[in-house]
Amino acid sequence: MTEKKVALVTGASRGIGKACAIELAKAGYSIAVNYAGNQEAAENTVKEIQKLGVDAKAYQFDVSSKEACEEAVSKIIEDFGQIDALVNNAGITRDGLFVRMTNEAWEAVINTNLNSAFYVTNPVAKIMMKARKGAIVNMASIAGVYGNAGQTNYASAKAGLIGFTKALAKEMGSRGIRVNAVAPGFIQTDMTKDLKLDGITEHIPLRRLGNPEDIAKTVKFLIEDGTYITAQVIGVDGGLVV
Ligand code: NAP
């Protein structure tokens, strides 16, 4: 009998999170599919995963609410019994020039993209510590490494996520838990569909935008195969920033 493995992927109804959920399902993980409001899309992800012969269930919760995250993690443990891998992927953008940025746009992005990592990982880490194993991947961004005009809120959250990754990796390593981050470049999803990206591929050595599967393969590698890799930030951007 193959060993049971369970992964929680936040923001797995669409885009990068969905691709990560499917890639991990292909590697034999049962998947807890988190989403915010798009139930139909989340149920579609669940169906696609079930077709691969593993368990999946959708969990609606807002990753920017500590209470909701704690409740959801308890529910996932009731349903699946364990969490071996966590992908902190859910995220939003509220772009705008800094001098015009509202408190609301600042706080929404910090709460959803950074505080969420604390809210979700805190209860999950306790479970992984008891099991003395686990792998966590945080979805950062090249904006968190190099900055990006119009994204002070987003870049701050993603840079925070990178610091969180490194510090948590140092705390958790002795318990057999690895923590890494992925920093995607421009990936074709709903998040980027309205951006004016004309000409950007000329600046990308691989001469194309990324797709969610490019990220998902890296996430799966970090969780399954990168057994001596922790505290790292892996750029997956076609060579855009070096
Ligand atoms: P996307 O297509 O817009 O999907 C966002 C996902 O996050 C959806 O599943 C959404 O759920 C979920 N979500 C949003 N707010 C949430 C909340 N408060 N609670 C729970 N779930 C929530 O985005 P994406 O492009 O795949 O991005 C995924 C991650 O990669 C993000 O962290 C993003 O910052 C990062 N990233 C993306 C790019 C890029 O070029 N696309 C580049 C660098 C980094 P619903 O479907 O229910 O709304």
Side-chain angles (χ1 to χ4, degrees), residues 8-23 31-46 48 58-73 76 86-95 105 107-121 137-148 151 153-162 164-165 181-197 200-201 204 208-216 218-219 233-238 240-241:
L8 163 58
V9 182
T10 68
S13 46
R14 296 182 278 133
I16 293 171
K18 177 177 182 175
C20 291
I22 289 172
E23 197 64 29
I31 312 285
V33 171
N34 158 253
Y35 69 103
N38 202 333
Q39 187 177 358
E40 197 184 337
E43 293 299 347
N44 283 339
T45 304
V46 166
E48 283 186 47
Y59 295 86
Q60 189 287 325
F61 62 93
D62 179 354
V63 294
S64 69
S65 156
K66 189 172 194 294
E67 294 70 29
C69 292
E70 281 171 358
E71 250 174 58
V73 170
I76 293 164
L86 166 65
V87 184
N88 282 313
N89 165 79
I92 57 167
T93 49
R94 291 287 302 275
D95 296 352
E107 282 166 11
V109 169
I110 299 292
N111 288 336
T112 307
N113 296 11
L114 176 59
N115 291 344
S116 59
F118 169 55
Y119 301 150
V120 178
T121 310
V137 176
N138 298 314
M139 202 56 67
S141 166
I142 51 170
V145 183
Y146 294 93
N148 196 19
Q151 290 198 312
N153 50 359
Y154 186 80
S156 301
K158 295 299 187 182
L161 210 46
I162 289 169
F164 171 72
T165 300
V182 171
F186 290 106
I187 311 301
Q188 286 175 297
T189 67
D190 292 344
M191 184 176 273
T192 50
K193 72 179 187 315
D194 297 327
L195 295 181
K196 289 191 180 62
L197 295 173
I200 187 79
T201 50
I204 301 174
R208 66 172 177 90
L209 301 180
N211 55 55
E213 291 71 30
D214 292 319
I215 307 301
T218 309
V219 168
V233 183
I234 312 290
V236 187
D237 60 4
L240 179 62
V241 281

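Atoms within a ligand are numbered from 1 in the order they appear, just like the ligands themselves.
- Take Lys158 and apply the side-chain hydrogen bond (donor to acceptor under 3.5 Å, both in side chains) test, not counting sequence neighbours, and it matches no residue.
- Near ligand 1, residues Gly11, Ala12, Ser13, Arg14, Gly15, Ile16, Asn34, Tyr35, Ala36, Gly37, Asn38, Phe61, Asp62, Val63, Asn89, Ala90, Gly91, Ile92, Thr112, Met139, Ala140, Ser141, Tyr154, Lys158, Pro184, Gly185, Phe186, Ile187, Thr189, Asp190, Met191, Thr192 come within 4.0 angstrom through at least one heavy atom.
- Looking at residues two or more places apart in sequence or on another chain, you find a side chain to side chain contact (heavy atoms under 4.5 Å, CB included) between Gln60 and Tyr35.
- To the nearest 0.5 Å, atom CG of residue Leu209 and atom OG1 of residue Thr192 are 7.5 Å apart.
- Under the 3.5 Å distance criterion, with hydrogens and angles disregarded, no donor-acceptor pair is assigned to the side chains of Ser13 and Asn38.
- Looking only at distances, no side-chain donor or acceptor of Thr45 sits under 3.5 Å from a matching main-chain atom of Lys18.
- In this structure, Asp62 has no salt bridge (charged side-chain N to carboxylate O under 4.0 Å, His left out) partners at least two apart in sequence or on a different chain.
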